[in-house]
Amino acid sequence: MQKDTVQPPLTKGLRRKLATLRWQNSRTLRLGTAGVVGTLSTLGIVQVACAEPSSYQVGAYQNDTSINYFMEAAAAADRRDTGALYNYEQMMNGGLFAMYPAYWRLSADLNSQSPATILQFVRQYPETVMAEKLVADYAEAKASSGDYAAVRQVANMVTNGDRSERCAVALGFTHGGDVMRALAEKPDVWLTTLKQPELCNQLALALADNPLITNQDRKERLKRMLRAGKTGDIMALSSRLGTPIAYSALSEIQLNPTQFMTRFVSQPYSEANQYLYLYAIGRLANKSYREAAMQLDYDINQDNQRSSHLLSEETRRFAYRILGVERMGHNTDDGFNDEAVTWFRKSLGETFNFQEARDYAVASIRFSEWNDVIEAISSMDAEIQKEDIWQYWLARAYEQGSDSSKRGVAKQIYQRLANKNNYYGFLAKDKVGQRFDARSFGGSTLPNVSSNDQARVMKDQHFARAFALYNSPASSAYSNREWNWAVKKARDNRDDALIIAAAKQAHDMGWLDRAIYAIDNSSNAVSYGLSHPMPHQSSVVQYSRSAGIDPAWAYGIMRQESRFVTSARSHVGASGLMQIMPDTAKYIARNLGESYSSDRANSGDTNIRYGTWYMGDIQSKLGGQPVLATAGYNAGPNKAKRWQPVYGSLAADQYVESIAYPETRDYVKNVMENATIYSSLLGQPQSITQRMGTVPAGY
């Protein structure tokens, strides 16, 4: 058996040296993928085989043009020099990066391209990320311009589109008579009132005329648009239902909803007035849900005293639905209140969209209204109910009741979830008495990769491109996109061995964030050495102990914040491994008796020292509660305090699930999951339930 080659890590200095070599003598070195491999081998860093992909001429990688051509073509694309791009297409033909100048040239004027041209590109560069991107971009551009025939011609080639691109394809079929395919995105766009891409808004509006959309469908959407105040949708849907609502009526209510309510009690019953009432309640609730609740209660009392009713039962129910949703939007400012549960309960009988069902579930979880939790989850789509989050809460609700059969079902659900090593899996493990032990999966030891799998990485055109781009001066956006696509293709092929081999190579080169991505996005590949690396371990442990915090928690924060990318910088200005904001770094430096320097604050060692100190500072301000401190690190300590219960205490999982900010809610779950894994890797295992503890009342 051939002995595996040990690959030392590629340092920053060597990467800089490679970049310099490319620019100094690119025509001679010809540093495409084969060039990178050859040069790295010369430097004693890696040993890999060259590639022979079936979609290119044999030996294409060995004869690949320089990465320098890629950089020059990218510069030509920036200055929109289509003539130069055409020349680069010829020079780079058959090479690893051949598709890029063609993509840039076609993208420069996407709307003017014919479907045949786009499809030719896809045929020339099959199964590449740039072919997928070009055809998806084209479908989106043509849908935006109303050329739906062009969208339909390329639709079958869009296989990995985002929400906007999928809506573009559905719009093409909506306007092309294929009523079945037009409905593909209906579950995601029809009843939502949340912000979505503009093409999805257009699709929802266009679906109203689809013959497979029923009047009941239209009515359900109309009620949501009345709640959200979407004037155009309201007018179109009401007309389609045969009860047209005039813009003037909506405009008048928008200006003064209370005045409409005053007139409403003296007006005869009509379907149009029921719709206008919901619109008025929505506008009033948007201004003050308290005022809207008082108005609704008054109108219902008035209604109960009359022989002829003003409000239909349906209108009453949906008016309470409006109040429930609106109330859940004020949990940070006004605090949590079980009136939200009451209002959702009074709305039962009306169908739920996902936002409404989720809000009902969260309000019920917060106040331990377990029957309502069951009701809310049962109101979700069947596929959504199967998700780990809702299976866990269904089990939590079942185990609270007196029905022994449901408690038995709860145990079965926990047993099933406990097979997963994620946030809900760890919570479920604690419920059934299991313990997570990273040593069962190799601990922090890196996997052994065979020489054959090592060679297969660079024979794979997608991974080869990703590595070549990573080791070039090109923007990381290019290498990351190629890497993510490579992982997707390997996952589609169920090739976990290839994913692990590529992740191992990335890890050894210091490309930790993509190694993590690869393992996290595989089907079954498990390697905690790759998915949960521990760089700067001596600093993390030393500074964590000095700050009085758990090193596993520090690693959990760091992995979530930066994926160990030292140069990481967020859109709001947070930077470094611990993603510290400049004002926060100044606060830390002042408390440590140091002068502030942005360069020093962003450096790896100082950033760790600052971040761990700040974690300890937040933890002490929040009573030593790690869940509160984690929420505080992300959203600020004051927000974490506002989400605490007013009286008594709250189970930590209930607190986390009811965090009002979706980003912070997911952040805390991920950090708690990370910290549970890291505690095992560091040899001081602690279950997630022990780690999270109980959240006390605010103080």
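The figures here come from the full heavy-atom set of this structure, side chains too, leaving out hydrogens, waters and symmetry mates.
Looking at residues two or more places apart in sequence or on another chain, you find no side chain to side chain contact (heavy atoms under 4.5 Å, CB included) involving L255. Residues passing the side-chain hydrogen bond (donor to acceptor under 3.5 Å, both in side chains) test with K195, sequence neighbours excluded: none. Partners of A503 by side chain to side chain contact (heavy atoms under 4.5 Å, CB included), not counting sequence neighbours, listed by chain and number: A515, A518, I519, L530. Not counting sequence neighbours, the partners of E482 by the salt bridge (Lys or Arg N to Asp or Glu O under 4.0 Å) test are R465. By the salt bridge (Lys or Arg N to Asp or Glu O under 4.0 Å) test, D359 pairs with no residue at all, sequence neighbours left out. With sequence neighbours left out, the side chain to side chain contact (heavy atoms under 4.5 Å, CB included) criterion links R166 to R163, E185, D188. Applying the side chain to side chain contact (heavy atoms under 4.5 Å, CB included) test to R123 and every residue at least two apart in sequence or in another chain returns L119, Q120. With sequence neighbours left out, K219 forms a salt bridge (Lys or Arg N to Asp or Glu O under 4.0 Å) with E271, E314. In this view, D178 satisfies the salt bridge (Lys or Arg N to Asp or Glu O under 4.0 Å) rule with no residue, not counting sequence neighbours. In terms of the ring pair (Phe, Tyr, Trp, His ring centres under 6.0 Å) criterion, F173 has no residue partners (sequence neighbours excluded).
The closest donor-acceptor contact from the side chain of Q113 to the backbone of I118 lies at 3.5 Å or more, if one exists at all. The main-chain N or O of T159 is found under 3.5 Å from a side-chain atom of E132 such that the two form a donor-acceptor pair. Remark: the backbone N or O of M578 is paired with a side-chain donor or acceptor of N607 at under 3.5 angstrom. Using modelled atom types, one side-chain atom of Q90 and one backbone atom of Y86 make a donor-acceptor pair closer than 3.5 Å.
W511 has its ring centre no less than 6.0 Å from the ring centre of Y517. Proximity of the aromatic rings of F121 and Y125 is defined here by a centroid distance below 6.0 angstrom, and this criterion is met. Checked against the 6.0 Å centroid criterion, the rings of Y100 and F70 qualify as a close aromatic pair.
Between the side chains of R283 and N286, no donor N or O sits under 3.5 Å from an acceptor N or O. Side chain to side chain, Q355 and T192 fail the donor-acceptor criterion of an N or O pair below 3.5 Å. Side-chain atoms of Y667 and Q560 form no donor-acceptor pair, as typed in the model, at a separation below 3.5 Å. Under 3.5 Å, the side chains of N68 and E72 contain a donor-acceptor pair of N or O atoms.
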Q: Could you please spell out the steps behind the side-chain contact (heavy atoms from CB on, under 4.5 Å) verdict for I245 and Y279?
A: CA-CA 11 Å; I245 295 174; Y279 182 76; over 6 Å; no

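Side chains of N634 and Y661 form no contact here, defined as non-hydrogen atoms less than 4.5 Å apart.
Rounding to the nearest 0.5 angstrom, the gap separating the NZ atom in K133 from the OH atom in Y103 is 3.5 Å. Note that CD of Q505 and CD1 of I500 are 14.0 Å apart. Values are rounded to the nearest 0.5 Å. In this structure, CH2 in W190 is found 6.5 Å from CZ in R218, a value given to the nearest 0.5 Å. With values rounded to the nearest 0.5 angstrom, C200 atom SG is found 13.0 Å from L205 atom CG.
Pairs engaging residues 129-152 under the ring-ring contact (aromatic ring centres under 6.0 Å, His included) rule: Y148-H175 [sequence neighbours left out]. Residue pairs satisfying the salt bridge (charged side-chain N to carboxylate O under 4.0 Å, His left out) criterion with at least one member in residues 197-212, sequence neighbours excluded, are listed as follows: D209-R240.
Here the closest heavy-atom approach between residue G161 and residue E165 is recorded as CA-OE1, 3.2 Å. Contact detail for S522 and D496: the closest heavy-atom pair is CB-OD1, 3.9 Å. The heavy-atom pair separating L134 from L110 by the smallest distance is CD1-CD1, 3.8 Å.
The environment of E127 atom CD is sparse: at most 12 non-hydrogen atoms of other residues, nucleotides or ligands sit within 6.0 angstrom.
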